Amino acid sequence: MPKMKTHTGAKKRFNLTKNGKVKRAHAYKSHLLNGHGKTPKRKRGLRQGAYADSTNASTIKKMIPYK
């Protein structure tokens with residue numbers, strides 16, 4: 001059986017915790033960050049990490065088998 005290939009996009013975006021949860025970052029934090037783009041309160045919230053939904057977690061785990 002050959003080795004499984006890691007999905008290179010997924011390995012940059014997701015991490016696994018000790019308990020096996022999938023950690024992710026929030027979207028919409030790449031541009032329009034000052035002035036009329038987003039409020040400071042919203043930007044603070046986007047800094048926090050989050051967990052992937054359980055419906056997507058199993059798919060993501062298959063994409064990053066060696067993490």
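These figures come from a predicted structure and were not determined experimentally. One is the number of the first residue; the rest follow in order along the sequence.
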Requested in this report: Take Lys61 and Val22 through the test side-chain contact (heavy atoms from CB on, under 4.5 Å) and record every step on the way to the result.
Outcome: CA-CA 8 Å; Lys61 284 178 186 176; Val22 180; 4.1 Å; yes

Requested in this report: Assess the side chains of Asn19 and Thr17: does a donor N or O sit below 3.5 Å from an acceptor N or O?
Outcome: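 No pair is found: no donor N or O on one side chain lies under 3.5 Å from an acceptor on the other.
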
Heavy-atom pair of closest approach, residues [X] and [Y]:
X: Ala52; Y: Ile60; value: CB-CD1, 3.9 Å
X: Thr6; Y: Pro65; value: OG1-CD, 4.0 Å
X: His26; Y: Gln48; value: ND1-O, 2.7 Å
X: Gly20; Y: Leu16; value: O-CD2, 4.2 Å
X: Lys29; Y: Arg47; value: CE-CG, 3.8 Å

Keeping the roles fixed (side chain from [X], backbone from [Y]), state whether a donor-acceptor pair exists under 3.5 Å.
X: Tyr66; Y: Met4; result: yes
X: Lys5; Y: Met63; result: no
X: Lys67; Y: Phe14; result: yes
X: Lys38; Y: His31; result: yes

Atom [atom1] in [X], atom [atom2] in [Y]: separation rounded to 0.5 Å?
X: Lys43; Y: Leu32; atom1: NZ; atom2: CG; answer: 10.5 Å
X: Ile64; Y: Thr59; atom1: CD1; atom2: OG1; answer: 11.5 Å
X: Lys23; Y: Tyr51; atom1: NZ; atom2: OH; answer: 7.0 Å

Report task. Look at atom CZ of Arg13 and say whether more than 12 heavy atoms of other residues, nucleotides or ligands are closer to it than 6.0 Å. Result ->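 For Arg13, atom CZ is not crowded (no more than 12 foreign heavy atoms under 6.0 Å).
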
Query raised in the report: When you look at NZ of Lys21, are more than 12 heavy atoms from neighbouring residues, nucleotides or ligands closer to it than 6.0 Å?
Result: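 Counting neighbours around NZ of Lys21, 12 or fewer heavy atoms of other residues, nucleotides or ligands fall under 6.0 Å, so no.
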
